[in-house]
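Notes for the one structure printed next.
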Amino acid sequence: MRKNFKYNILLPKQKNYTDIILWCDEVFGKRYDGVRNRDGNWMALWGGRENFGHMRYSFCNEQDFIWFKLRWL
């Protein structure tokens, strides 16, 4: 079954990327990876050409998304 990451937020990549990843791993568990961890409920990806210099953080759960926003915005 494919996960639905419907809660998304873009942040500048310079904004503590490593700290954010470590914090998310600690609070939400290991991030989703299509090969190594399909149980993850969050992921971080490059924002793409349209959002160069940004990272897209995506969540399956609204509660996790809100918790992330409260911490990092």
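Sequential numbering from 1 along the given sequence is applied to the chain's residues.
- A continuous path of Ile, Leu, Val, Met, Phe, Trp and Tyr side chains, each step under 4.5 Å between heavy atoms, connects I21 with F65, placing both in one hydrophobic cluster.
- To the nearest 0.5 Å, the span separating CG on L45 from CZ on R56 amounts to 8.0 Å.
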**Message:** Please evaluate residues F52 and W46 with respect to the criterion side chain to side chain contact (heavy atoms under 4.5 Å, CB included), reporting the C-alpha separation (whole Å), side-chain torsions for both, the decisive distance (0.1 Å), and the verdict.
**Reply:** CA-CA 8 Å; F52 191 81; W46 175 53; 3.4 Å; yes

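- Not counting sequence neighbours, the partners of K13 by the side chain to side chain contact (heavy atoms under 4.5 Å, CB included) test are M55.
- Note on L73 and W42: same hydrophobic cluster, where clusters join Ile, Leu, Val, Met, Phe, Trp and Tyr whose side-chain heavy atoms are under 4.5 Å apart, directly or indirectly.
- Residue pairs satisfying the side chain to side chain donor-acceptor pair (under 3.5 Å) criterion with at least one member in residues 16-35, sequence neighbours excluded, are listed as follows: D33-R36.
- Between K6 atom NZ and C60 atom SG the span is 9.5 Å, to the nearest 0.5 Å.
- The shortest distance between side-chain heavy atoms of E62 and D64 does not fall below 4.5 Å.
- One hydrophobic cluster holds both Y7 and V27 under the rule that ILVMFWY side chains link at heavy-atom gaps under 4.5 Å.
- Under the 4.5 Å side-chain criterion, counting only non-hydrogen atoms from C-beta, L11 is in contact with W72.
- Checked against ring pair (Phe, Tyr, Trp, His ring centres under 6.0 Å), F59 has the following partners two or more places apart in sequence or in another chain: F28, F68.
- Inter-residue side-chain proximity for I9 and K69 is flagged as met; some heavy-atom pair is nearer than 4.5 Å.
- The number of heavy atoms from other shown groups lying within 6.0 Å of CZ (R38) does not exceed 12.
- The CG atom of N41 lies 12.0 Å from the OG atom of S58; values are rounded to the nearest 0.5 Å.
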**Request:** Evaluate the side chain to side chain contact (heavy atoms under 4.5 Å, CB included) criterion for residues W67 and N61: first the C-alpha distance (whole Å), next the side-chain angles of each, then the deciding distance (0.1 Å), finally the verdict.
**Result:** CA-CA 10 Å; W67 187 245; N61 306 316; over 6 Å; no

